[in-house]
*Asks:* 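Have a look at this one before I ask anything.
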Amino acid sequence: MRKAFTALAVVLLLLVVGQFFLAASGAFESVPKDESFKPHRALGFGIVLFAILLTIVGAVARLPGRLVGMAGLVAGLALLQTVIRVIAGAFDDAGKTSTAGALVFGLHAVNALLIAAVSVRIVRQARQLSTPAVPVS
Amino acid sequence: MTTAAWIVADLVVAVLTVITWFAAGITAARRRAARVPLAGAVLVTVLRVVTVMVLAGRGWWFVQEKVLFGLPLLVSSGLVAVLVTIRGTVGGRPAVVATFTAAYAALAGLAVSVLAGYPLTLGGALIAIGLVGAAALLTARVLTVPSETPAEDPGMSRRRFLGLTGGAVVVGATGTGVGVSFVSSDSGGGPGEAATTDISVSDLRGPSSPAPGGVVRRHVLTARTATARLPSGRELEVWTYNGGVPGTAITAAKGDLVEVRLRNTDIEDGVTLHWHGYDVPCGEDGVPGVTQDVVTPGKDFVYRFRADQVGTYWYHTHFASHIGVRKGLYGTLVVTPRDLPAGQVDLTLPVHTFDGTVVLAGRDDRAEHTVPPGAPVRLRLVNTDSDPHRFALAGTPFRLAAVDGRDLNEPDEVSEVGLRLTSGGRYDLVFDMPDTPVALVLDADPDGGLLLAPGKGADASILPSTSDWPELDLLTYGVSAAVPFGAKDADRHYTLVLDRGLAVVDGGPTYAHTVNGRGHPSIPDQVVTEGEIVTMTVVNRSLVTHPWHLHGHPVLILSRDGVARSGSPLWMDSFDVRPGEVWEVAFEATNPGIWMNHCHNLPHADQGMMLRLRYDGVSSPFGGSHHH
């Protein structure tokens, strides 16, 4: 179960990295944002669901609360990405981005870094758990 | 504060409830005194009650799921957390679980608002409660150190019993929640549907002859890809009707018969022609899958309708229109009175955006026209984009003579006003040419728009700044007059609450643009009977503008945000419902058929914000996948 958690945590990290890729490629397409960010949006929901799955697996496996909490944190922060986007969009009008909207949307990138950092920590701590540092004699 | 500002404030406070309750839970889990974080969470929760109450004053649609579900769940679980914490030991397991449960409740309330919205469904509420319960059980499990579990327990411990019971409740609630789901048609408070359908939309076709004295205006529109060269030298890969953008301008005099043969050369997915704002018979409306089959390469379709409505209109494809229209499949339709005043300068100016380049009547520079002083001028502005545009006319007072093709009553002369033109909408501006230049400014861009000069060599280099001109409010513009019907005459009433949410669109779950919590094609049809007066309340709960567009009927604007129209009677086919706004409109069901009723921000329509208005007894043989 712990090995499964570690494997899933690695997959989550890969998904997060892929999400950065999709964000960048979406930003440089000429079609409207609604279309170019479709894969980014889809993977975003995928990450939320995957993080929830990871949290559940961690809880069922009775991993330390801190680790399970961090998995839950990734789900929460990933959900927050949508909320940031919605709030930033509220400052825009007539399809044009306003300064306030752009400033709020900047948080989307900062939050993304946070998600990546927490995902890395989860992988590290999970690996420490599944491979004991001191060999059992 | 506007309703939209309160929606944002409430959303921010809702996020804060989640953060503060989790903070209190984590503090308690670390076996520290959690009084201060707990007090913070309670304070933010009280603040949330306030924001919800303020929003409730703006309309029940904005708060229904919060009042009936989110807040009760949060307040009750928060109360339990406070009581358990006060009575228990510092960092005790019950206090930690109770505090985390309050955090899950805060999250569930936020999730139901953001993902499901209005209306609250039994299914959604049960799923959310089930998930909160599941999260609470898992938290209890994580907090139980395995060594604490008494191994020699012979029967069922209290803890285990509670866990199993909780699990059963969770599974039951979630399962029932998933099960409670249904689609039906909505009768809007009117009589139910007749059992038989005896009219097919394919029989609802236009006449084959013009009115007496009229002529037949024959056109062939061939849809094909092309390269358009703009005055700036920029080249665009576009989809066109007859090789240019905009497509061939169609004009007619009142009473003429318009006959257009649509062909398709190489638009692989197919095209149609929809006559935007023109109340053609339903079979001519150009909605693939509803009024006809899509016209694929090599195929054709003939549209016929009588030009009985004078005014400014436009046409565009209605197949995957969020792509087709954007790429250039649009053109203008202008119907003039038979006795047109001589010497009038009449310019039709469709605005369209290609890859960020704003193009006005096919030009991306500032077009110049010479107009003799004193000549009557009519500028027909058409917004073919999905987002609104802002126009301003500098250098002369003018009248906004018509909106969406329909004349206003005694429009006042105005100057120095901004004109916000909704997606799909049209404005006719009229004035007599002064002996100084006149500039039409588009989106405050000094290099675009249009310049009318009274003679050659007139200096028109100085443009005033128009961006701070106040926006003309159509609901108070012009002079009020008697209208044929009002809210009290309604035979049926429909409410459309526009939002975002998780919904099934084209067979897959997406974060859709929704109407009453659902996405096309799962939104129930609105059913009407011929001859009825139908009112619609359109509420925008989301934070983006939704230009609402009903096919086949102009709607009479009754009120906005509860304030009745006080200016000229206002008939529109496309009206901007901005975030937090509530529009009340009415129409008379005089054009039998099956009509699309949708957001004219075309990507929004593609992402679910579209439904059908169906006359009782009318059916479509083009069944199934109606790709707008």
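Proteins get letters first, then strands, A, B, ... in listed order; numbering begins at 1 in each.
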*Asks:* Counting only heavy atoms not in Arg41(A), do more than 12 fall under 6.0 Å of its CZ?
*Replies:*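 Above 12, so yes.
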*Asks:* Using non-hydrogen atoms only, which part of Thr55(A) is less than 4.5 Å away from chain B: side chain, backbone, both, or neither?
*Replies:*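 Neither part, no heavy atoms under 4.5 Å.
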*Asks:* Once you round to the nearest 0.5 Å, how far does CG of Leu115(B) lie from CG of Leu79(A)?
*Replies:*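 If I round to the nearest 0.5 Å, the distance is 6.0 Å.
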*Asks:* If I measure from the heavy atoms of chain A, does Arg390(B) come under 4.5 Å with its side chain, its backbone, both, or neither?
*Replies:*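 Neither part; nothing is under 4.5 Å.
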*Asks:* Non-hydrogen atoms of chain B under 4.5 Å away: do they reach the side chain of Leu73(A), the backbone, both or neither?
*Replies:*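 For Leu73(A), there is no contact with chain B at all, as no heavy atom is under 4.5 Å.
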*Asks:* Is Arg141(B) reaching over with its side chain to a backbone N or O of Arg62(A), donor-acceptor style, under 3.5 angstrom?
*Replies:*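 Judged by distance alone, no pair lies under 3.5 Å.
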*Asks:* Looking at every heavy atom in both Val8(B) and Ala90(A), which two are closest together, and how far apart are they?
*Replies:*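 It is CG2-CB, 3.7 Å.
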*Asks:* Is there a side-chain contact (heavy atoms from CB on, under 4.5 Å) between Val114(B) and Val86(A)? Walk through the geometry before answering.
*Replies:* CA-CA 10 Å; Val114(B) 172; Val86(A) 167; 5.7 Å; no
*Asks:* So which atom in Val142(B) and which in Pro64(A) form the shortest heavy-atom distance, rounded to 0.1 Å?
*Replies:*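 Smallest heavy-atom distance, with atoms named: CG1-C, 4.4 Å.
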*Asks:* Heavy-atom distance under 4.5 Å to chain A: side chain of Ile26(B), backbone, both or neither?
*Replies:*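 Interface part for Ile26(B): neither.
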*Asks:* Which distance, rounded to the nearest 0.5 Å, do you find between the CD1 of Ile84(A) and the CG of Leu11(B)?
*Replies:*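 Output value for this atom pair is 11.0 Å.
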